[in-house]
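Counting convention: from 1, in listed order, for ligands and their atoms alike.
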Amino acid sequence: MALYSRVSGSVGMITLQNPPVNALSAAVRQGIVDMMHRALSEPEVKSVVICGQNGKFCGGADIREFGAKMTGPPLVPMVHLIEAASKPVVAAIEGIALGGGLELALSCHYRIAHSKATLGFPEVALGLLPGAGGTQRLPRLIGVPAALDLITTGRHVTAAEARQLGIVDEVTDLNAVDAAVKFAQSVTGKSLDARRISTYPCPRPPDLDAIFERAMQQVRRSARGAIAPGTCVQAVHAAVTLPYAKGMERERELFSLLFTSGQARALQYYFFAQRAVSRWSTANGARWDTSKPRPVRKAAVIGLGTMGRGITVSLAQAGFSVVAVETQEQQLSEAKQAVSGMLERGAKRRGVPLAHDKIKYSCSVQAVADVDLVIEAVFEDMALKKTVFQQLSAICKPGVLLCTNTSGLDIDELASQTQSPELVVGMHFFAPAHVMQLLEVVYGPRSSPEVVATAMQMGKKMGKVSVAVGNCRGFVGNRMLKPYLEQAFFLLEEGATPEQVDQVLEEFGFAMGVFKVSDLSGLDVGWKVRKSDGLVSPASTGTSARIRGGSRYSPLGDLLCERGRFGQKTGRGWYQYDKPGGRVAKPDPWLHGFLEEYRAQHGLVARHIDHQEVLERCLYALINEGFQILQDGIAAGPEDIDVIYVLGYGWPRHRGGPMFYAGQVGLDKVVERLEHYQQIHPDVPGLQPCSLLRKLAASGNPAIHKWREVIQKPRSQL
Ligand SMILES: CCCCCCC/C=C/C(=O)SCCNC(=O)CCNC(=O)[C@H](O)C(C)(C)COP(=O)(O)OP(=O)(O)OC[C@H]1O[C@@H](n2cnc3c(N)ncnc32)[C@H](O)[C@@H]1OP(=O)(O)O
């Protein structure tokens, strides 16, 4: 709702009240309309100030209302009512003015912002455009190029930048509401003719066509199939080419197109999913709201390879004191240099103070004796990690949290090397660790709730989105990757090329196809794991070459590694590169010949494989594993899996995540297609729909937020 008060006798004050961000719910919109009428009708009131309760102007339309039937006054007539007012209306912007909140501010005649406020049109990230006149007013106010930038990227600007761009009239370090009241008094009685943005002509730069052409190219390059950015460009184009009223009609048409698209629903689902994962629970009943994190001031990182360096940077940038340990002198000095460079680049890019002094380097594990938490990031080898955990358990002070950055090894096995297994937890960072936003916090059967809470909180402090997952081979992300990769290999055996598979996945919206990712991360990584699992066999022909444990197995990756083709680092992998370390993947005729030879050797006849089969086999196998993970209680809900896939594995955000996507396709359809492929490939167990997926499909494809009711509730064992 909105509160009305009178300040200094002549200023009508409308205060938005809808915690936590004063979103424009039906009640708030109704309140604004009613209070505007009141302010305009009271003769003593000469001017109006609109502000938000609790230091937040407004976070925009209430996203929770998007899925429901529209009630209350619509936003567009509301902003027109404000702009048309005969008394000056001043927006007092504290905290945030985002989306519909900024549109509300743009309908006011003046805008006063606090210096710490941020402003922006983030609708594009929700699959929408600023549909309450934002696409028509902003270019009129700040010009086409700047408006295109803000609307198509959704980036937030500081009050200072907003002032520079001309979005706000004044910035204050003092109380913005008081400043707005004073300002409102000072403009009482002044003509408002020049203050109504909708009446401004839209500036028309001479190179208009080139500007829009460039903007379209830019969004096509980065959108990966998302339709909102391009639609935003079209809406701004309407502002320059049409009179205001017609531009508003065009804005409404384009908004409706986006609003009813599956992409907007997926992005809005994802918005809440990313917030929902912080309300974690574990399979044995520990929960975010009953588990208290322990204080951590000083942390240590053991092992300063690529991951350890990134983790060190993340910790230092988050303000933790860090002891960075690498036992090899040479490696230590290289790491020191690399970390310094990363910190300097980070400080330059983000304008934050340098964090060099937060880090102490050492080549002795003894240096971690007084820290509160250790993150082990040594080579991915169980024997080595066990030794490190034994050492840490002996050296560290009592009560220290011991965390491992393993990407898939058994947390419980590591915990059993220590005197306090309840203090052990996985913190699985993604490379590059100082950049990637995702952190899988992996609890073992013995990890204490406080330890999970501490790791989750540490992740948050490092600016990560932390997702709590259970302990199993590969956890959530890498476990689901296995059947996906497996299908991609099988498709090559059956006649596809890496380029074909990658193209289908990239058209779907993945940042990179599976084979390009494999070349980037190094084929040898998986090879080492398969070798230690006893899967890599010397037999190169005969049926046994393609069977392991009674199931189909493709040795293609192993064969490439045997030939030294490790991907980008060696200049050859599934693709060829101009040099070792090269980044531009080119189809490799050698690889095509190799695949032909391989098929001939194994009696496989290449067939035409269409787009649909590539997509369904790769994605549905991955999705099926996701349902198995839910069934096993490794992830608490589908949101956890979706956030992991979007943030860690390049799944297109506008498709919500694999579990959301499955729901959109229809769970019955996913089951039907998996069964179809299983009949053709009975030796691939991953194509057998798991029982939870079948159960949900049979119960009529319920909405994703209802899945948890079907998934068995964990019983508290605490
Ligand atoms: C013809 C029809 C015309 C209709 C035109 C409509 C045009 C307008 C469209 C819009 O305005 S769309 C919304 C635009 N606004 C946003 O996208 C802002 C989204 N929110 C954020 O970016 C952040 O939440 C924040 C505001 C920067 C605050 O961040 P912070 O990290 O401090 O807190 P969070 O954990 O993110 O959020 C706290 C809490 O608030 C909920 N929430 C935030 N924004 C909204 C919102 N706009 N509507 C509803 N709820 C919102 C958020 O979900 C959190 O709650 P929980 O999920 O944790 O319960």
Side-chain angles (χ1 to χ4, degrees), residues 16-29 32 52-80 93-107 116-138 150-151 153-158 228 231-232 235 238 247-260 263-265 267-280 288-289 437 460-461 463-466 637 639 643 653 705:
L16 277 48
Q17 263 196 333
N18 183 15
V21 299
N22 298 321
L24 295 162
S25 62
V28 172
R29 296 194 307 272
I32 295 174
Q53 198 189 31
N54 290 335
K56 286 184 182 135
F57 181 68
C58 177
D62 194 327
I63 308 167
R64 283 178 208 281
E65 288 186 353
F66 283 166
K69 200 172 161 297
M70 166 93 183
T71 57
L75 265 180
V76 171
M78 184 192 92
V79 296
H80 282 146
I93 302 175
E94 296 178 298
I96 43 168
L98 298 173
L102 181 52
E103 289 175 308
L104 167 64
L106 292 182
S107 73
K116 293 231 166 76
T118 53
L119 300 86
F121 278 133
E123 286 89 337
V124 69
L126 298 168
L128 298 173
L129 53 77
T135 66
Q136 304 305 299
R137 283 197 177 82
L138 193 65
L150 292 198
I151 293 173
T153 62
R155 79 182 176 87
H156 298 186
V157 294
T158 59
T231 313
C232 286
M248 284 300 288
E249 275 175 31
R250 182 77 180 127
E251 183 190 85
R252 192 178 59 235
E253 273 166 29
L254 294 169
F255 183 85
S256 311
L257 185 112
L258 292 177
F259 193 77
T260 49
Q263 292 196 0
R265 271 185 48 210
L267 285 159
Q268 288 152 26
Y269 156 80
Y270 182 79
F271 174 85
F272 290 115
Q274 192 169 308
R275 281 146 184 91
V277 297
S278 63
R279 295 184 282 271
W280 57 272
W288 65 283
D289 51 353
Q437 248 195 305
K460 190 167 181 199
K461 286 189 175 162
K464 313 275 177 214
V465 177
S466 313
E639 298 84 359
V643 169
R653 194 177 293 228
H705 63 272

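- With a 4.0 Å heavy-atom cut-off, ligand 1 is reached by the side chain of Leu126 but not by its N, CA, C or O.
- Ranking the protein heavy atoms by distance from atom 48 (N) of ligand 1 puts Ile63 N, 2.9 Å first.
- No donor-acceptor pair closer than 3.5 Å links the side chain of Glu103 to the backbone N or O of Val79.
- Remark: distances from the non-hydrogen atoms of Lys56 to ligand 1 are all 4.0 Å or more.
- Considering both main-chain and side-chain atoms, Phe66 never comes within under 3.5 Å of ligand 1 through any nitrogen or oxygen pair.
- Relative to the six-membered ring of Phe271, Arg275 meets both conditions, a distance below 6.0 Å and an angle of at most 45° to the axis.
- For ligand 1, the polar-atom distance check finds an N/O of Ala61 within less than 3.5 Å of one of the ligand's N/O atoms.
- Of all protein heavy atoms, the one lying nearest to atom 42 (N) of ligand 1 is Val21 CG2, 4.0 Å.
- Annotation: atom 1 (C) of ligand 1 to nearest protein heavy atom, Arg252 CG, 4.0 Å.
- Less than 4.0 angstrom separates some heavy atom of Glu123 from each of these atoms of ligand 1: 8 (C), 9 (C), 10 (C), 11 (O), 12 (S).
- Contacts between Leu128 and ligand 1, counted as non-hydrogen atom pairs separated by less than 4.0 Å, are absent for every part of the residue.
- The shortest contact between atom 26 (C) of ligand 1 and any protein heavy atom is with Ile96 CD1, 3.7 Å.
- The Pro122 neighbourhood of ligand 1 comprises atoms 15 (N), 16 (C), 17 (O), with distances under 4.0 Å to a heavy atom of that residue.
- Within the model, atoms CG of Leu16 and CG of Leu24 stand 6.0 Å from one another, a figure rounded to the nearest 0.5 Å.
- Atom CD1 of Ile151 and atom OG1 of Thr231 lie 12.5 Å apart (nearest 0.5 Å).
- No donor-acceptor pair under 3.5 Å is formed between the side chain of Asp62 and the backbone N or O of Ala23.
- With rounding to the nearest 0.5 Å, the separation of CG in Leu150 from SG in Cys232 is 11.5 Å.
- Looking at atom 49 (C) of ligand 1, its nearest protein heavy atom turns out to be Asp62 OD1, 3.2 Å.
- Distances shorter than 4.0 angstrom occur between a heavy atom of Pro20 and an atom of ligand 1.
- There is a protein heavy atom closer than 4.0 angstrom to atom 59 (O) of ligand 1.
- At under 3.5 Å, not a single nitrogen or oxygen of Val76, backbone or side chain, sits near a nitrogen or oxygen of ligand 1.
- Atoms CG and NE2, from Leu119 and His156 in turn, are 9.5 Å apart once rounded to the nearest 0.5 Å.
- Side-chain atoms of Gln136 come within 3.5 Å of backbone N or O of Ala235 as a donor-acceptor pair.
- Side-chain contact between Glu639 and Tyr269: present, with at least one pair of heavy atoms (C-beta onward) separated by less than 4.5 Å.
- In this structure, atom 29 (O) of ligand 1 has no protein heavy-atom contact shorter than 4.0 Å.
- Counting protein heavy atoms under 4.0 angstrom from atom 11 (O) of ligand 1 gives one or more.
- At under 3.5 Å, a nitrogen or oxygen of Arg64, whether backbone or side chain, sits near a nitrogen or oxygen of ligand 1.
- Inside a 4.0 Å radius of atom 34 (P) of ligand 1 there is at least one protein heavy atom.
- When all heavy atoms are compared, the tightest approach of Leu106 to Arg137 is O-CD, 3.7 Å.
- Within the 4.0 Å heavy-atom criterion, the part of Leu75 lying near ligand 1 is the side chain and not the backbone.
- Close approach of ligand 1 to Gly100 is summarised as follows: ligand atoms under 4.0 Å from at least one heavy atom of the residue are 8 (C), 10 (C), 11 (O).
- Between the side chain of Asn54 and the backbone N or O of Lys56, no donor-acceptor pair lies under 3.5 Å.
- The option with the heavy atom closest to atom 15 (N) of ligand 1, from among Gly59, Gly60, Gly99, is Gly59.
- With a heavy-atom cut-off of 4.0 Å, Phe272 touches ligand 1 through its side chain alone.
- For ligand 1 and Glu103, the ligand atoms under 4.0 Å from any heavy atom of the residue are 7 (C), 8 (C).
- Distances between N or O atoms of Phe271 and those of ligand 1 include no value under 3.5 Å.
- By the 4.5 Å heavy-atom criterion applied to side chains, Asp289 and Arg279 are not counted as neighbours.
- Considering only non-hydrogen atoms, atom 7 (C) of ligand 1 lies nearest to Gly131 out of Gly127, Gly131, Ser25, Ala23.
- Of all protein heavy atoms, the one closest to atom 27 (C) of ligand 1 is Leu98 CD1, 3.8 Å.
- Minimum heavy-atom separation, Gly101 to Phe57: O-CE2, 3.2 Å.
- Atom CD1 of Ile32 is separated from atom SG of Cys58 by 7.0 Å, given to the nearest 0.5 angstrom.
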Donor-acceptor pairs under 3.5 angstrom involving side-chain atoms of residues 252-260: please list them, not counting sequence neighbours.
| unit_1 | atom_1 | unit_2 | atom_2 | d |
| --- | --- | --- | --- | --- |
| Glu253 | OE1 | Arg250 | NH1 | 2.8 |
| Ser256 | OG | Arg252 | O | 2.9 |
| Thr260 | OG1 | Ser256 | O | 2.7 |
| Thr260 | OG1 | Leu257 | O | 3.3 |

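- The residue from Glu251, Arg279, Arg275 that puts a heavy atom closest to atom 52 (C) of ligand 1 is Arg275.
- In this structure, Phe259 falls outside the shell of residues with a heavy atom less than 4.0 angstrom from ligand 1.
- Remark: Gln268 CD to Phe66 CZ distance equals 5.5 Å, nearest 0.5 Å.
- Pairs of residues two or more places apart, or lying in two chains, that qualify as salt bridge (charged side-chain N to carboxylate O under 4.0 Å, His left out) and include a residue from residues 65-75 are Arg29-Glu65.
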